[in-house]
Amino acid sequence: MRTPVKKALVIGCGIAGPAVALFLKRAGVEPVIYEARPAPDDETGLFLNLTPNGVHVLKALGIEDEVRALGHPSNRIVFQNSDGDAIAELDNTDEAERYGARSILIRRALLHRVLREAALRDGIRLHRGKTLVAADGGGTQARARFEDGTTAQGDFLVGCDGLHSRVRQTLFPDAAAPSYLDLMNTGGFARLPDLPAAPTMYMTYGQQAFFGYQVTPGGEVYWFSNFGVDEDHLTAFENKPSDERKRHLLSLYTEDTILISRIINATEHPLGLWPTYDLPFLETWHTRRACLIGDAAHATAPSAGQGASMALEDAVVLAKCMRDHDGIYAAFAAFEAVRKDRVEKAIQQARRNSGHKVASNPVQAWIRDRLLPVFLKLGARSIDWLYGYRVDWDEPVQALAS
Ligand SMILES: Cc1cc2nc3c(=O)[nH]c(=O)nc-3n(C[C@H](O)[C@H](O)[C@H](O)COP(=O)(O)OP(=O)(O)OC[C@H]3O[C@@H](n4cnc5c(N)ncnc54)[C@H](O)[C@@H]3O)c2cc1C
């Protein structure tokens with residue numbers, strides 16, 4: 001007798017959600033996605049950089065070209081002091097040879113769209129306007145309850161609902177909440193015709209805040225800023241109207257290269273805010289019938305540029321575990337065993353990067369500007385373990401654990 005097809009409830013349609021749904025379908029599971037947002041918001045959010053390890057997962061899904069066509073190469077970082085003078089460089093122009101794929105800088109909303117549409121093309125059902133309020137993965141079935149009063153049942157549930165995961169809160173009510181790292185992110189898109197396009201991200205250690213920008217071949221400046229806002233002032237800052245946020249931002253860069261203020265002033269849309277959190281350690285990511293992946297399980301601060309790539313890696317590994325292991329619990333346990341050390345190491349790295357972004361005094365800034373080139377030279381290959389990771393869908397999952 002044929003075993004009935006397992007049904008998976010996938011909560012969240014950001015990055016991990018559609019990716020895991022696509023791989024689960026390949027593994028013979030029937031996934032159904034439930035997303036809180038009632039409609040796609042393809043105009044919001046900032047941009048992100050997918051490094052070769054994440055791009056390999058897109059390749060395995062057959063959507064690398066689609067994502068690349070909407071994104072831009074980004075394979076060199078030039079670090080600058082507050083005057084805009086280069087102090088160090090991280091050159092990854094040979095990443096295709098070294099890691100077998102090139103990084104992609106892309107607007108977040110476009111990446112979401114490609115993943116979501118790939119899932120829909122594959123016949124995967126997506127229910128919108130479904131905000132999960134409670135998940136139960138401990139009985140003979142996995143269950144989800146939504147804010148609109150509806151429920152859903154399946155053989156297992158995958159929590160892909162991001163940093164402030166409701167799935168995590170209901171499965172593990174005693175788990176630590178994400179930690180705020182006293183660092184704010186903002187950014188946007190601007191046009192300054194005199195800036196030349198290059199696949200290079202320029203990152204400036206300003207006197208009071210950090211700033212990064214890259215100019216795309218179409219002449220758009222993708223930029224971000226990181227600056228200190230401590231926890232006590234976080235809510236007040238988030239409540240500031242956009243023009244006040246902009247004024248505050250400009251005031252942080254008055255002593256730095258004028259280019260930063262020009263870019264901020266040339267930005268016409270309201271400035272969004274993304275406080276920097278991470279979620280360093282959960283004792284376990286799964287119960288009998290429910291498992292967390294992506295930011296819901298292990299959020300890294302944006303500074304390492306790895307959260308999305310890690311979410312994609314999780315998606316392929318979890319589906320392989322489902323394919324290759326007998327039983328849901330065994331698959332979840334194998335997934336956790338394969339993934340935990342790697343993501344925890346990435347979180348630590350991101351945390352260190354976040355700490356260096358805002359110098360607390362001029363002496364610290366002076367030392368940093370001189371030591372950075374040395375550290376970068378010494379550590380140039382320290383990203384190999386991150387970027388060089390590749391999961392082959394066809395290989396049995398046991399090979400990953402070795
Ligand atoms: C400013 C910033 C810059 C970043 N830059 C990079 C970068 O350059 N490179 C990189 O790799 N990573 C970057 N990251 C990290 C990256 O964005 C995340 O790691 C990634 O989005 C995680 O994917 P996810 O699918 O786990 O979660 P998300 O992308 O957050 O998706 C979660 C989904 O779940 C939905 N949801 C939430 N709650 C519920 C609920 N209760 N019920 C149903 N649905 C729900 C949400 O609406 C959303 O669609 C950055 C993050 C930030 C904030």
Side-chain angles (χ1 to χ4, degrees), residues 9-21 33-42 44-55 57-58 71 74 77 103-109 111-113 115-116 126-135 144-148 150 152 157-170 178 181 183-188 201 212 214 222-226 271-279 292-315 343 346-347 350 353-354 386-387:
L9 311 178
V10 175
I11 311 301
C13 192
I15 294 171
V20 78
I33 308 177
Y34 298 87
E35 163 60 42
R37 290 195 188 112
D41 56 350
D42 288 349
T44 61
L46 215 47
F47 53 87
L48 42 80
N49 192 41
L50 289 170
T51 49
N53 46 317
V55 173
V57 182
L58 301 177
S74 184
I77 302 176
S103 298
I104 306 174
L105 182 76
I106 185 167
R107 284 178 181 246
R108 168 188 294 277
L111 177 64
H112 280 209
R113 191 176 86 196
L115 284 162
R116 185 181 69 238
L126 163 63
H127 297 287
R128 298 196 148 282
K130 292 284 177 190
T131 303
L132 179 129
V133 288
R145 188 157 53 78
F146 301 101
E147 208 171 53
D148 62 4
T150 58
L157 180 148
V158 190
C160 312
D161 52 341
L163 177 67
H164 300 289
S165 167
R166 185 71 193 148
V167 176
R168 183 181 67 237
Q169 290 163 15
T170 58
L181 303 185
L183 192 71
M184 183 59 80
N185 290 275
T186 188
M201 183 65 76
Q214 175 168 333
Y222 284 31
W223 67 270
F224 71 90
S225 160
N226 296 144
L271 298 182
L273 293 177
W274 295 273
T276 304
Y277 288 91
D278 71 7
L279 180 70
L292 305 170
I293 70 168
D295 274 12
H298 51 66
T300 65
S303 320
Q306 278 299 318
S309 292
M310 290 284 155
L312 290 166
E313 288 181 9
D314 279 358
V343 297
I347 291 167
N353 293 354
S354 300
L386 268 175
Y387 289 18

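Only a predicted model underlies this, so the values are computations on that prediction, with no experimental measurement involved. Ligands are counted one by one from 1 in listed order, and the atoms in each one are counted from 1 as well.
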Report summary line: Of all protein heavy atoms, the one nearest atom 48 (C) of ligand 1 is E35 OE1, 3.6 Å

Query raised in the report: Hey, what do you get for CD1 (I347) to CD (Q306), rounding to the nearest 0.5 Å?
Result: 11.5 Å

Report summary line: Among P40, A144, S74, G162, closest by heavy atom to atom 28 (P) of ligand 1 is G162

Requested in this report: Only heavy atoms count here, so choose which of A16, A308, A315 is nearest to atom 11 (O) of ligand 1.
Outcome: A308

Query raised in the report: Do T131 and F146 have side-chain heavy atoms sitting under 4.5 Å apart?
Result: no

Query raised in the report: Would a 4.5 Å heavy-atom cut-off, applied to side chains only, mark M201 and Y222 as touching?
Result: no

Report task. Output the list of atoms in ligand 1 that are nearer than 4.0 Å to some heavy atom of C160, sorted by atom number. Result -> 32 (C), 33 (C), 34 (O)

Query raised in the report: Where does C13 meet ligand 1, judged by heavy-atom distances below 4.0 Å: at the side chain, the backbone, both, or neither?
Result: backbone

**Report entry** Residue pair I15 / H112, side-chain heavy-atom distance below 4.5 Å
**Finding:** yes

Query raised in the report: To the nearest 0.1 Å, how far is atom 44 (N) of ligand 1 from its closest protein heavy atom, and which atom is that?
Result: A36 N, 3.1 Å

Query - Considering all heavy atoms, the nearest C13-E35 contact - result: N-OE1, 2.7 Å

**Report entry** Residue part near ligand 1, for R108, under 4.0 Å between non-hydrogen atoms
**Finding:** side chain

Report summary line: In this structure, CG of L46 is separated from CH2 of W274 (nearest 0.5 Å) by 4.5 Å

Requested in this report: Give the residue and atom name of whichever protein heavy atom lies nearest to atom 15 (C) of ligand 1, and the separation in Å to one decimal.
Outcome: G307 CA, 4.0 Å

Query raised in the report: Got a second to check how far W223's CH2 is from T186's OG1, nearest 0.5 Å?
Result: 5.0 Å

Report summary line: Ranked by distance from atom 4 (C) of ligand 1, the top protein heavy atom is P302 CB, 3.7 Å

**Report entry** Which residue and heavy atom of the protein sit nearest atom 31 (O) of ligand 1, plus the separation
**Finding:** G14 CA, 3.5 Å

Query raised in the report: Taking only heavy atoms of T131, which atoms of ligand 1 are found under 4.0 Å from at least one of them?
Result: 41 (N), 42 (N)

Query raised in the report: Is A299 touching ligand 1 with its side chain, its backbone, both, or neither, if touching means heavy atoms under 4.0 Å apart?
Result: neither

Query raised in the report: Based purely on interatomic distance, does I15 place a nitrogen or oxygen under 3.5 Å from a nitrogen or oxygen of ligand 1?
Result: yes

Report task. Could you pull out all residues at least two apart from T150 that satisfy side chain to side chain donor-acceptor pair (under 3.5 Å)? Result -> K130, D148

Query raised in the report: Can you list the ligand 1 atoms lying under 4.0 Å from a non-hydrogen atom of N49?
Result: 7 (C), 8 (O), 9 (N), 10 (C), 11 (O)

Query raised in the report: Sequence neighbours excluded, which residues qualify as ring pair (Phe, Tyr, Trp, His ring centres under 6.0 Å) partners of Y387?
Result: Y99

Query raised in the report: Identify the closest protein heavy atom to atom 41 (N) of ligand 1: which residue and atom is it, and at what distance?
Result: L132 O, 3.2 Å

Report task. Go through ligand 1 atom by atom and flag the ones less than 4.0 Å from a non-hydrogen atom of R166. Result -> 41 (N)

Report task. Give, for atom OG1 of T170 and atom CG of L132, the distance between the pair rounded to the nearest 0.5 Å. Result -> 6.0 Å

Query - For atom 37 (C) of ligand 1, closest protein heavy-atom neighbour - result: D161 O, 3.4 Å

Query - Contacting atoms of ligand 1, where contact means under 4.0 angstrom from a heavy atom of G294 - result: 26 (O)

Report summary line: Note: I11, heavy atoms under 4.0 Å from ligand 1, region reported as side chain

Query raised in the report: Closest heavy-atom contact between I104 and N49?
Result: O-OD1, 3.3 Å

Report task. Would you mind checking which non-hydrogen protein atom is closest to atom 18 (C) of ligand 1, with the distance to 0.1 Å? Result -> D295 OD2, 3.3 Å

**Report entry** OG1 on T276 to CG on L181, rounded to 0.5 Å
**Finding:** 6.0 Å

Query raised in the report: If you count the atoms of ligand 1 from 1 in the order shown, which ones are under 4.0 Å from a heavy atom of L48?
Result: 5 (N), 6 (C), 7 (C), 8 (O), 9 (N), 17 (O)

Query raised in the report: Which of the atoms of ligand 1 are close to K130, meaning less than 4.0 Å from one of its heavy atoms?
Result: 42 (N), 43 (C)

Requested in this report: Report yes or no: do S74 and Q214 form a side-chain donor-acceptor pair below 3.5 Å?
Outcome: yes

Report task. State, to 0.1 Å, how close G187 and L271 come at their nearest heavy-atom pair, and which atoms those are. Result -> O-CD2, 3.8 Å

Requested in this report: Check whether any N or O atom of L163, backbone or side chain, sits under 3.5 Å from an N or O atom of ligand 1, and answer yes or no.
Outcome: no

**Report entry** Atom indices of ligand 1, in the order listed, that fall short of 4.0 Å to a heavy atom of S309
**Finding:** 11 (O)

